**Student:** 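Here it is, the structure in full.
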Amino acid sequence: VSDVPMRLEVDAEACVGAGQCVLAAGDVFDQRDEDGVVVVLEPRPAEGQWDAVRTAARLCPARAIRFST
Amino acid sequence: MTERLEARRLPTRRTLFHPPEEFARLRESGPLSRLAFPDGEIGWLCTGYELGRRILGDQRFSITGPDGNAVLVVRPPFLDDETTDAIEDDIERDDHPGDILSMDPPIHTGYRRRLSGRMSARSVGRIADAIEGIVASRIDRMGSAPQPYDFAHSFALPVSLDVICALLGVTERDEWHTALALFERDDVRVQDLVDAVQDRHDAMREEVRNKRHDPGSSGLLADLLGEHDLNEDEVVGMAELLVTAGHHTTSNLLPLGLIALLTNRRWWDALVEHPERADDIIEELIRYFSVLHHGALPRTALEDIEIDGVAIRAGERVHVAVAAANRDPEAFPDPDTLDPDRSAWGHLAFGYGIHQCLGQHLARLELKIVYTRLRERFPDLRIAMPLDELVLHPEYSDAHGVKELPLEWDR
């Protein structure tokens with residue numbers, strides 16, 4: 001178990017609603033029905049979700065996801 | 001460096017399973033090379049994956065040329081300068097209202113957001129039952145059809161059209177595909193093309209007006225009409241883009257993917273024996289065929305940009321050859337092998353950046369339903385023609401695809 005706090009931040013202004021984050025980590029991210037903009041369900045994802053969140057950040061076409069210490 | 005400075009046209013001579021061989025040779029001398037556009041401009045061609053992603057994700061590049069029109073990277077032989085101008089004058093849509101593929105931010109952002117929520121994985125999941133119904137009735141008809149059965153025309157095209165029409169809530173009409181189908185022919189009369197585009201536009205305007213006066217109407221188009229700050233021209237433009245982009249790609253990928261599955265029976269069988277693998281199989285098919293084989297729309301630098309040690313000047317064009325990027329061995333080891341065990345996620349077949357395909361979730365769902373139901377109903381499905389006799393669309397057609405795909409099976 002890591003003690004390093006990981007911070008998940010999303011830039012809703014930059015989001016283009018392509019839904020890659022939901023594909024990669026559906027437990028952590030959702031999209032609003034009205035405009036597709038990202039919603040964070042789990043601001044402090046469990047360590048078991050970190051890889052999926054990193055994938056989401058890498059796939060995001062608007063680079064709207066930051067996941068770092 | 002001298003090789004990089006030698007400008008050439010975009011390679012387009014592909015085979016059924018592989019993009020043009022020149023891409024790999026170009027990539028070996030660096031991910032950027034010079035590219036001659038059909039109008040005589042010299043720009044850049046990107047054949048590498050990482051760099052392609054960076055370019056498509058970089059908003060210092062515009063999706064249009066300085067005149068606001070999309071840049072052509074391949075020009076069909078029947079379009080010379082004069083006819084291109086004539087077509088642009090003839091089709092009365094100089095400012096492309098609602099065409100989000102000719103907009104940059106911030107204008108693009110507001111338009112895209114009217115669509116992205118309605119095309120998310122969850123939203124398209126709501127029409128999964130409708131897609132199942134469309135596919136089931138087509139499979140029934142296929143089961144009683146004479147063999148060999150042309151999957152391309154009798155299945156892939158009508159199913160793709162029916163599905164996008166179900167999402168939009170518009171009538172299924174020939175006008176939606178006539179213009180695009182012309183580009184898949186070897187002989188095209190320019191006037192037919194002009195007429196077909198105008199007919200499509202008129203038909204969509206009629207749909208929009210009918211919807212407006214039908215309070216019981218539902219679907220994406222009805223939702224857009226409920227957004228009162230969109231004018232009719234914009235709704236027509238958005239709907240035309242969705243209906244064309246929404247079927248042209250899938251209708252061509254469905255036969256290609258089926259060829260790959262029927263010649264790699266292990267993955268064909270896995271669709272029902274290991275359904276949990278279906279998503280990875282579909283994703284690899286999407287990467288492998290990169291159906292819009294010319295690539296993403298060319299971008300134009302809005303300012304001087306240094307990328308990968310190359311200075312791109314403001315106004316210069318860069319074209320990302322997506323089919324090449326998706327075969328970059330740095331990103332996809334042994335890229336020319338169809339391998340659903342690899343992680344194909346992150347491929348560029350849907351593009352990347354703010355214009356990434358809005359229909360991608362619909363495409364994945366549609367492909368999965370079609371292939372799975374076909375495998376269940378026709379486990380011994382076979383291609384009724386040697387693969388090397390399958391005829392591809394002409395090089396200038398932006399969609400990779402086969403003209404027909406004859407199938408046979410035991411009843």
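Because the structure is predicted, anything quoted here is derived from the model rather than measured. Protein chains get the first letters and strands the later ones, always in sequence-line order, with residue 1 at the start of each.
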**Student:** Ignoring hydrogens and geometry, is there a side-chain-to-backbone donor-acceptor pair from B:Thr244 to B:Leu241 under 3.5 Å?
**Tutor:**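 Confirmed, B:Thr244 side chain pairs with B:Leu241 backbone.
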**Student:** Please check if the number of heavy atoms outside A:Leu41 that lie under 6.0 Å from its CG is greater than 12.
**Tutor:**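 Above 12, so yes.
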**Student:** Heavy-atom pairs under 4.5 Å with chain B: which of A:Arg32, A:Arg63, A:Glu13 has the most?
**Tutor:**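 Most heavy-atom pairs within the cutoff with chain B belong to A:Arg63.
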**Student:** Run the numbers on B:His319 and B:His294 for ring-ring contact (aromatic ring centres under 6.0 Å, His included), then give the verdict.
**Tutor:** CA-CA 9 Å; B:His319 178 64; B:His294 295 161; 8.1 Å; no
**Student:** Quick one: of A:Val22, A:Asp33, A:Leu59, A:Asp30, who has the most non-hydrogen atom pairs under 4.5 Å with chain B?
**Tutor:**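 Maximum pair count with chain B is reached by A:Asp33.
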**Student:** Kindly compute the distance separating CD1 (A:Ile65) from CZ (A:Arg58), expressed to the nearest 0.5 Å.
**Tutor:**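 Going from the CD1 atom of A:Ile65 to the CZ atom of A:Arg58 covers 12.0 Å.
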**Student:** By a 4.5 Å heavy-atom criterion (distance strictly below it), what part of B:Arg53 contacts chain A: side chain, backbone, both, or neither?
**Tutor:**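 For B:Arg53, heavy atoms of backbone and side chain both lie under 4.5 Å from chain A.
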**Student:** Flag the one option from A:Ala62, A:Ala24, A:Ala14, A:Cys15 with the top tally of heavy-atom pairs under 4.5 Å to chain B.
**Tutor:**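 Winner by heavy-atom pair count: A:Cys15.
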**Student:** Is B:Ser120 close to chain A through its backbone or its side chain, or both, or neither, when contacts mean heavy atoms under 4.5 Å?
**Tutor:**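 Both parts, backbone and side chain.
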**Student:** By a 4.5 Å heavy-atom criterion (distance strictly below it), what part of A:Gln31 contacts chain B: side chain, backbone, both, or neither?
**Tutor:**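 For A:Gln31, the contact with chain B is made by backbone and side chain together.
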**Student:** Got a second to check how far B:Ile354's CD1 is from B:Arg112's CZ, nearest 0.5 Å?
**Tutor:**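 Here the interatomic distance stands at 8.0 Å.
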**Student:** Between B:Arg364 and B:Asp279 (salt bridge meaning N to carboxylate O under 4.0 Å), is one present in this structure?
**Tutor:**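 No, this pair does not count.
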**Student:** Looking at B:Gln59, B:Arg118, B:Arg113, which makes the most heavy-atom pairs under 4.5 Å with chain A?
**Tutor:**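 Most heavy-atom pairs within the cutoff with chain A belong to B:Arg113.
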**Student:** Out of B:Met119, B:Arg122, B:His355, B:His108, return the one with the most heavy atom pairs under 4.5 angstrom to chain A.
**Tutor:**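 Greatest number of close heavy-atom pairs with chain A: B:Arg122.
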